[in-house]
Each structure stands twice: as C-alpha cells, then as structure tokens.
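Step one of this worksheet: look at the structure below.
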Amino acid sequence: MKETNTPPVADFKLVEGSATELRQLHFDASTSTDKEDSTDKLIARWDFNGDGVWEIDYSANKKANEIVNHLYNVAGTTTELLKSRTARVSLQEVRRRYR
C-alpha cells in the first residue's frame with residue numbers, strides 16, 4: 001500500500017502592530033498544520049514584501065512554530081508570503097496583506 005502525503009496548510013498571523021515607518025513586526029506561523037507531521041517539524045520560509053525574494057529561506061531552518069521578526073523602513077501596506085514544507089518536501093503557501 002502506497003503511503004500518501006498531503007501538503008501542509010500554511011498559515012500565519014501578525015503578532016504585533018501595523019506596518020508603520022521603522023516598525024519591527026512579529027509573525028507567528030504556529031497555526032500552520034500538517035496531517036502527517038507536528039508543527040515543530042514544519043520548516044518555513046518568508047518573503048516580507050511580496051517581491052519573490054525570500055528574506056528567510058529554508059536554509060535558515062526556521063520552524064513554523066518560531067516567531068520571526070522583520071523591520072520595515074517605510075510606512076504603508078505590505079504583503080507577506082509564507083511557504084511551509086515538511087521533511088517529505090510537501091509545500092504550501094499563504095499570502096497576507098497588512099496595513
């Protein structure tokens with residue numbers, strides 16, 4: 001019987017504040033889930049401005065249950081992208097906009 005592997009469900013929330021000038025924001029992806037693995041086994045990568053450049057890549061080995069920080073030097077709306085994966089290399093992403 002072949003073992004199936006479903007992709008994780010990537011999810012995150014803003015822990016603090018709005019993206020105002022020179023504001024450090026904190027993001028929490030501990031609400032990400034996976035049917036086969038616990039959240040502490042999910043690895044996350046982050047794009048904090050939606051430009052396709054990963055400020056925190058998988059190589060940083062950030063777990064989905066770790067809070068990450070990013071300093072914005074401009075006020076306004078931002079688009080953050082989280083992509084999570086498991087050791088089995090299943091992927092899923094979520095994008096959110098904050099003002």
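Computed from a predicted structure; not experimentally measured.
For the pair His70/Trp46, no side-chain contact is recorded, criterion being any heavy-atom separation below 4.5 Å from C-beta on. Counting heavy atoms from C-beta on, the side chains of Thr6 and Glu36 come closer than 4.5 Å. With contacts defined as side-chain heavy-atom distances shorter than 4.5 Å, the pair Leu25/Phe48 does not qualify. Side-chain contact between Tyr58 and Lys83 is present, with at least one heavy-atom pair separated by less than 4.5 Å. Looking at Phe27 and Val15, their side chains never come closer than 4.5 Å, going by heavy atoms from C-beta outward.
Applying the side-chain hydrogen bond (donor to acceptor under 3.5 Å, both in side chains) test to Asp51 and every residue at least two apart in sequence or in another chain returns nothing. Among residues two or more places apart in sequence or in another chain, the side-chain hydrogen bond (donor to acceptor under 3.5 Å, both in side chains) test is passed with Asp28 by Ser30. For Asn69, the side-chain hydrogen bond (donor to acceptor under 3.5 Å, both in side chains) partners are His26, not counting sequence neighbours. A search for side-chain hydrogen bond (donor to acceptor under 3.5 Å, both in side chains) contacts involving Thr39 returns nothing, not counting sequence neighbours.
In this structure, Trp54 shares a hydrophobic cluster with Leu81, the cluster being traced through Ile, Leu, Val, Met, Phe, Trp and Tyr side chains under 4.5 angstrom apart.
Judged as a salt bridge (Lys or Arg N to Asp or Glu O under 4.0 Å), the pairs with a partner in residues 54-74 (not counting sequence neighbours) are, in order, Arg45-Asp57, Lys62-Glu66.
Across all non-hydrogen atoms, the minimal contact from Ser32 to Leu82 is OG-CD2, 3.9 Å.
Distance alone, capped at 3.5 Å, places no donor-acceptor pair between the Ser84 side chain and the Leu42 backbone.
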